[in-house]
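Quick notes on the structure that follows.
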Amino acid sequence: MKNLNPSSAFAKTTWKNHFSTKSNLTTWFNKYLDKSNVSSWNSIIAELARGGDSTEALRAFYSMRRLSLKPNRSTFPCAIKACSALLDLYSGKQTHQQALIFGYDTDLFVSSALIDMYSKCGQLRDARILFDQIPQPNIVSWTSMITGYVQNNNPGQALLLFKELLIQESENDGDASNEHVFVDSVAIVSVISACSRVPVKGASEGIHGMVIKKGFDGDVAVENTLLDAYAKRGDVALSRKMFDAIVDKDDVSWNSMISVYAQNGMSNEALEVFYEMVRDNNVSYNIITLSSVLLACAHSGALQTGKCIHDQVIKMDLENNVIVGTCIIDMYCKCGRVEMARKAFNCMKVKNVRSWTALISGYGMHGRAKEALEVFYEMIRNGVRPNYITFVSVLAACSHAGVVQEGWDCFKAMKEEFKVEPGLEHYSCMVDLLGRAGYLNHAYNLIKEMKVTPDFVIWGSLLAACRMHKNVELAEISAYKLFELDSNNCGYYVLLSNIYADAGRWKDVERMRLVIKDRGLVKSPGFSLVELKGRVHIFLVGDKEHPQHEKIYKHLQELNVKLQGVGYIPKLTSAPYDVDDEEKGLTLRVHSEKLAVVFAIMHTFPGATIHVIKNLRICGDCHTFINLISKIVDREIVVRDSKRFHHFKDGSCSCGDYW
DNA sequence: ATAGGGTTAG
């Protein structure tokens with residue numbers, strides 16, 4: 001990736017991202033147009049609905065009705081569309097009623113709009129009843145219904161309906177008269193989207209074949225959907241290939257590619273495409289782009305870039321959008337700045353359950369259970385109903401801080417008061433909370449009570465807790481479950497081996513070592529990230545690839561000497577047994593977080609806070625090392641590991657050594 | 001003057 005200064009990348013293009021301020025058409029109308037003219041009202045309603053101001057469109061429709069003007073066949077589709085956009089089922093039903101009264105409910109335009117409205121509002125059955133009542137549905141009717149199934153998580157049914165459509169089409173005999181339906185590019189887009197959501201191998205390839213056969217492969221929306229479909233199947237490389245092949249890329253193409261990278265954790269690639277998009281003179285980025293970029297920043301801990309995006313959101317006057325606002329909260333939390341997140345949260349005019357949840361989750365990952373719970377209670381007092389994910393965040397907060405009683409109370413309240421059925425994530429939080437606090441049998445009993453089959457996360461939490469509390473018996477039970485569930489994961493064998501070692505059972509240690517060796521299992525390599533001047537640097541365990549690695553090791557050595565002066569003893573490994581032992585040889589494989597921290601010390605001003613992201617959990621030795629470093633170099637060091645944040649300051653860590 | 005599709009958050 002090019003070494004771009006994100007703020008300068010923006011400076012050039014700010015001007016072209018002006019969002020047209022919504023002129024208040026109703027005011028304009030009140031002044032200049034003839035209120036008794038239905039056509040004038042129709043234009044107004046259509047213009048507002050198309051411009052995305054559905055509230056105003058609906059208001060205009062109601063004003064028109066108050067004047068006792070008769071709406072016609074052009075009025076209803078727009079009014080219904082506005083209800084659909086607002087997910088306003090109540091107004092939708094009322095408008096449907098009016099359409100019935102005026103005899104327009106069988107109109108193809110009106111019925112398509114109604115099918116769309118009912119399915120967007122989650123009333124798929126009503127949508128289907130309407131569809132079945134249409135004597136001769138056209139391609140728009142079919143597509144509305146197919147899309148309804150896709151958007152209500154029933155892609156299988158969508159594909160079945162598409163098959164019916166194809167049969168219908170094949171009976172046309174090539175006669176292109178009005179009564180005949182032909183699959184068009186809009187229908188194809190909907191069907192590709194269905195294919196990408198259905199768990200059938202080769203579904204996307206199948207539809208891609210049809211796209212080419214029917215000649216839709218030059219349509220940019222079709223291409224964009226295929227790009228997304230391949231990414232959903234997990235083939236990001238193919239997705240990129242599709243992207244590169246689009247000649248007439250539009251903003252959605254760019255947004256899709258950025259989103260694909262962001263959602264697959266490829267943050268640098270996401271930013272690279274974004275900067276390229278910024279430089280492209282034919283497209284402009286929008287709120288969707290910025291949301292995806294913020295996600296990439298959150299993922300890689302790119303705080304400086306994230307702040308630039310936040311500035312950009314403000315400049316573009318988009319900070320009142322609830323989605324981008326939630327992205328900003330999440331970005332600050334995941335970049336270690338939970339206070340900034342709180343500030344952004346407080347400024348939000350519109351908050352929804354996901355905004356609240358983002359903040360709760362943020363406090364939780366920083367080990368601040370008290371604040372997480374306070375926000376949770378405040379949310380309930382505000383009448384916002386917590387959902388499945390909210391409770392995952394609340395329970396995770398409790399587990400990170402070891403807050404057993406409140407955690408248990410919330411778990412109970414979730415089931416009994418809020419009627420949220422506990423899922424795998426909730427159980428893994430509870431097992432972790434109870435297990436680490438020493439209530440191993442309670443944790444085990446909870447697992448046995450589960451209605452869903454416990455997964456590797458749950459058994460893994462129990463196994464880790466068993467190590468902490470030296471319970472070999474329960475450790476063996478958990479480990480053997482894990483070997484069944486995920487037999488190639490080296491970590492479980494290492495953990496069990498360490499538990500045996502703690503108990504002095506050396507024969508068992510040797511047995512585990514042999515299993516690892518015989519199966520050729522390897523640990524997933526650790527890596528850490530540090531952002532410097534808008535660029536994210538990656539460090540691998542024992543890194544010799546980074547251009548500055550020699551300087552970094554030299555500086556690390558100097559720091560080690562200083563630390564040894566205050567009593568630090570570098571450990572070869574923090575565990576009694578480590579698979580790396582055999583490959584250790586002459587040089588120690590330095591963990592990536594040490595390299596990242598040293599690199600950051602070398603390249604930032606004295607006193608500046610250091611942020612590091614690590615893909616695995618931080619080990620005991622690195623924890624001690626960074627703790628002491630924070631005192632010696634007088635720096636605040638923030639480390640996000642795979643589980644949570646550690647804020648090191650003046651020789652102590654926010655986790656209280658409980659992690 | 002009217003209907004259906006592709007990209008965004010916890």
Side-chain angles (χ1 to χ4, degrees), chain A residues 37-47 49-50 71-81 84 104 107-117 119-120 137-148 150-151 184-194 196 216 219-229 231 246 250-260 262-263 285-295 298 318 321-331 333-334 351-362 364 386-393 396:
Chain A
N37 186 341
V38 173
S39 301
S40 300
W41 283 100
N42 282 351
S43 323
I44 284 291
I45 298 167
E47 187 80 11
R50 222 178 316 124
N72 60 25
R73 60 200 302 254
S74 307
T75 323
F76 282 109
C78 294
I80 296 164
K81 198 179 175 177
S84 169
Y104 291 117
D107 181 278
L108 275 175
F109 281 66
V110 175
S111 56
S112 295
L114 284 171
I115 291 169
D116 175 67
M117 185 276 293
S119 51
K120 289 241 163 58
N138 67 8
I139 188 62
V140 181
S141 328
W142 283 92
T143 308
S144 306
M145 199 58 234
I146 290 171
T147 307
V150 178
Q151 290 176 346
D184 65 5
S185 69
V186 180
I188 280 289
V189 163
S190 193
V191 172
I192 298 168
S193 167
S196 70
F216 293 126
D219 184 295
V220 68
V222 171
E223 292 175 302
N224 292 341
T225 318
L226 278 169
L227 179 168
D228 187 63
I246 306 174
D250 66 4
D251 55 338
V252 181
S253 320
W254 289 92
N255 289 347
S256 302
M257 197 64 241
I258 293 169
S259 159
V260 162
Q263 289 181 346
Y285 54 91
N286 59 23
I287 197 152
I288 298 179
T289 325
L290 297 179
S291 300
S292 296
V293 175
L294 283 164
L295 184 69
L318 298 174
N321 177 285
V322 67
I323 296 182
V324 84
T326 304
C327 290
I328 288 167
I329 293 171
D330 185 53
M331 180 276 293
C333 289
K334 293 202 174 126
K351 303 176 178 98
N352 64 19
V353 61
R354 290 159 84 140
S355 333
W356 287 91
T357 303
L359 188 63
I360 293 169
S361 142
N387 63 19
Y388 187 97
I389 308 280
T390 314
F391 280 106
V392 173
S393 308

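Only heavy atoms go into these numbers, but all of them, side chains included; no hydrogens, no water, no symmetry mates. Note that the structure is predicted; figures quoted are calculated from it, not measured.
- Residue-level contact check: A/Ser43 touches neither bases nor backbone, having no heavy atom under 4.0 Å from any strand.
- For the pair A/Gln151 CD and B/dT7 C1', the computed distance is 13 Å after rounding to whole Å.
- Between atom CG of residue A/Leu108 and atom CD1 of residue A/Ile139 there is a gap of 12.0 Å, rounded to the nearest 0.5 Å.
- You'll find that the side chain of A/Ser259 is closest to B/dT7, out of B/dG10, B/dG5, B/dT7.
- When the nucleotides B/dG5, B/dT2, B/dA9 are ranked by their closest atom to the side chain of A/Cys78, B/dT2 comes out on top.
- No engagement by A/Asp107 is indicated, since no non-hydrogen atom pair under 4.0 Å with the nucleic acid exists.
- Heavy atoms of A/Ser256 sit under 4.0 angstrom from primed sugar atoms or phosphate atoms, though from no base atom.
- Considering A/Ile192, A/Val222, A/Leu226 in turn, A/Val222 is the only one that fulfils the side-chain contact (heavy atoms from CB on, under 4.5 Å) rule with A/Phe216.
- Within 4.0 Å (heavy atoms only), A/Asn352 reaches at least one base atom of the nucleic acid.
- Heavy atoms of A/Ile115 sit nowhere under 4.0 angstrom from any nucleic acid atom.
- The CG atom of A/Asn72 sits 13 Å away from the P atom of B/dA1 (whole-angstrom rounding).
- Shown here are the side chain to side chain contact (heavy atoms under 4.5 Å, CB included) partners of A/Asp330, two or more places apart in sequence or in another chain: A/Ala298, A/Lys334.
- Residue contacts for A/Lys120: at a heavy-atom cut-off of 4.0 Å it reaches the sugar-phosphate backbone alone, with no base atom in range.
- Comparing B/dG5, B/dG10, B/dA1 by their nearest atom to the side chain of A/Asp219 picks out B/dG5.
- A/Thr289 comes within 4.0 angstrom of no nucleic acid atom, judged by non-hydrogen atoms across all strands.
- Rounded to whole Å, atom P of B/dA9 lies 13 Å from atom CD1 of A/Ile389.
- Across the protein-nucleic acid pair, A/Lys334 atom NZ and B/dA9 atom P stand 11 Å apart, rounded to whole Å.
- Contact annotation: A/Gln263 side-chain N/O to B/dT7 OP1/OP2 distance is not under 4.0 Å.
- When each of B/dT2, B/dG4, B/dA3 is scored by its nearest atom to the side-chain atoms of A/Arg50, the top-ranked nucleotide is B/dT2.
- Note on A/Leu295: only backbone sugar-phosphate atoms sit closer than 4.0 angstrom, heavy atoms only; bases stay farther off.
- Taking every side-chain heavy atom of A/Val252 into account, B/dT7 is the closest of B/dT7, B/dG5, B/dA3.
- Checking B/dT7, B/dG5, B/dG4 against every side-chain atom of A/Val189, the shortest atom distance belongs to B/dG5.
- Side-chain atoms of A/Asn138 and A/Ser141 include a donor-acceptor pair closer than 3.5 Å.
- In summary, the side chains of A/Asp250 and A/Ser253 do present a donor paired with an acceptor at a separation below 3.5 Å, with no hydrogens or angles considered.
- Among residues two or more places apart in sequence or in another chain, the side-chain hydrogen bond (donor to acceptor under 3.5 Å, both in side chains) test is passed with A/Thr147 by A/Ser190.
- Using a 4.0 Å heavy-atom criterion, one finds that A/Ser74 contacts the bases of the nucleic acid, with or without backbone contacts as well.
- Remark: C1' of B/dA3 and CE of A/Met117 are 13 Å apart, rounded to the nearest angstrom.
- With distances taken from any side-chain atom of A/Val222 to the nucleotides B/dG5, B/dG4, B/dG10, the minimum falls on B/dG5.
- The distance from atom CG of A/Leu108 to atom P of B/dT2 is 16 Å, rounded to the nearest whole Å.
- Under 3.5 Å, the side chain of A/Asp184 and the base of B/dG4 form at least one donor-acceptor pair of N or O atoms.
- One cannot find a donor-acceptor pair under 3.5 Å joining the base of B/dG4 and the side-chain atoms of A/Ser144.
- Residue A/Ile288 contributes atom CD1, which lies 5 Å from atom C1' of B/dT8 at whole-angstrom precision.
- Closest contact between the side chain of A/Asp330 and the listed nucleotides B/dG10, B/dT7, B/dA3 involves B/dG10.
- Across all strands, A/Ser190 comes closer than 4.0 Å to no nucleic acid atom at all (heavy-atom distances).
- In this structure, A/Leu359 atom CG and B/dA9 atom P are separated by 19 Å, rounded to whole Å.
- At least one side-chain heavy atom of A/Asn72 sits less than 4.5 Å from a side-chain heavy atom of A/Asn42.
- The listed nucleotides are B/dG5, B/dG10, B/dA3; the one nearest the side chain of A/Ser185 is B/dG5.
- Nucleic acid contact class of A/Val220 (heavy atoms, under 4.0 Å, all strands): base.
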